[in-house]
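The chains referred to below are lettered A, B, ... by the order of the sequence lines, with proteins before strands, and numbering in each begins at 1.
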There are 2 protein chains.
Amino acid sequence: MQKNPAQCQFVVALDSIVGKWKPIILYHLLQGKPLRFNELRRLLPDITQRMLTLHLRELEEEEIVKRVVYPQVPPKVEYSITEYGKSLSPILESLHQWGVAHVKRKQLKMNNQEQTETD
Amino acid sequence: MQKNPAQCQFVVALDSIVGKWKPIILYHLLQGKPLRFNELRRLLPDITQRMLTLHLRELEEEEIVKRVVYPQVPPKVEYSITEYGKSLSPILESLHQWGVAHVKRKQLKMNNQEQTETD
DNA sequence: CAGCATCCCGTTGGATACTG
DNA sequence: CAGTATCCAACGGGATGCTG
């Protein structure tokens with residue numbers, strides 16, 4: 001790892017965001033409504049139970065996500081974004097926008113290529 | 001991977017940034033001055049040649065970084081940020097700031113914990 | 001100088017089965 | 001419902017040696 005502390009903090013921030021499903025989990029929780037475990041599963045059709053659990057635990061550890069267990073049968077657990085977690089919102093937002101633009105750019109390039117190929 | 005296209009773009013953006021050394025490489029190139037391969041190595045003392053090459057190639061592929069080869073002996077290759085690549089700057093900047101704040105927060109918490117333990 | 005090739009290992013994530 | 005446990009595959013990344 002890089003020694004220079006001024007440069008290392010990128011990584012710290014990225015660690016909280018990186019993980020195959022973390023951005024999407026955060027996206028849904030940032031909508032504001034607390035979500036139950038299986039609600040999240042439904043929103044992320046391809047995630048495995050295991051990964052959902054792991055990622056949620058990590059986000060909880062960073063205090064980005066809050067986990068509330070309702071002591072009842074059948075069990076009910078709700079996940080929500082913390083106030084602190086909301087501070088990630090602008091970053092996610094800019095990442096998202098940049099991503100959209102980036103994809104468009106790539107597609108444009110692809111089209112131009114086909115164009116010149118068929119010329 | 002998530003099917004919903006509106007949510008997928010996070011990942012696209014992250015892909016361009018993620019990689020153990022990419023943020024730090026970008027940080028240096030965003031200073032504006034073109035850098036030679038070995039200059040970058042010196043700035044990232046712990047990176048291996050292999051990883052520097054791989055990451056630079058990926059960034060080049062995304063047109064975030066421009067690679068210029070000077071046909072001379074010994075070879076000289078300069079890497080610089082593209083105009084397009086500069087559009088990542090605000091994102092990197094916010095990530096950095098969030099990272100700094102996040103570390104401070106963690107340290108504060110650690111200190112408080114020691115405090116209560118020794119009470 | 002600026003790489004590429006090869007081999008290797010640890011981590012991340014996936015598949016599946018089981019449980020309070 | 002909301003998880004755990006176990007096993008396994010893929011990939012990112014590291015170490016080392018060679019080259020135009």
[atom1] of [X] versus [atom2] of [N]: gap in Å, rounded?
X       : N      : atom1 : atom2 : answer
B:Arg41 : C:dG3  : CZ    : P     : 11 Å
A:Leu40 : D:dG3  : CG    : C1'   : 14 Å
B:Glu39 : C:dA2  : CD    : C1'   : 13 Å
B:Leu14 : C:dT12 : CG    : P     : 16 Å

query: Would you say a side-chain N or O of B:Arg36 is under 4.0 Å from OP1 or OP2 of C:dC1?
result: no

Tell me whether the OP1 or OP2 atom of C:dG3 has a side-chain N or O from B:Tyr79 closer than 4.0 Å.
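Result: yes.
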
The helix from C:dC1-D:dG20 to C:dG20-D:dC1: angle between terminal helix axes, five bp per end, to the nearest 10 degrees, reads 50°

>> Would B:Arg105 and A:Tyr84 count as a cation-pi pair here, with the cationic atom under 6.0 angstrom from the ring centre and within 45° of the axis?
In response: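 Geometry flag: set, cation within 6.0 Å and 45°.
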
Should [X] and [Y] count as an ion pair when the cut-off is N to O under 4.0 Å?
X        : Y       : result
A:Arg42  : A:Glu39 : no
A:Lys22  : A:Glu58 : yes
B:Lys109 : A:Glu63 : yes

| query | Roughly how far, to the nearest 0.5 Å, is the CG atom of B:Leu56 from the NZ atom of B:Lys66? | reply |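 One gets 14.5 Å once the value is rounded to the nearest 0.5 Å.
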
CD1 (B:Ile25) and CG (B:Leu52) are apart, to the nearest 0.5 Å, by 5.5 Å

Quick one: does A:Ser94's side chain have a donor or acceptor within less than 3.5 Å of a partner on B:Ile91's backbone?
no

How about B:Glu61: does its CD atom have over 12 heavy atoms from other parts shown lying under 6.0 Å from it? no

Per-nucleotide protein contact along nucleotides 4-20 of chain D, 5' to 3', at a 4.0 Å heavy-atom cut-off (B base, S sugar-phosphate only, - neither), is B-B------BBB-B--B

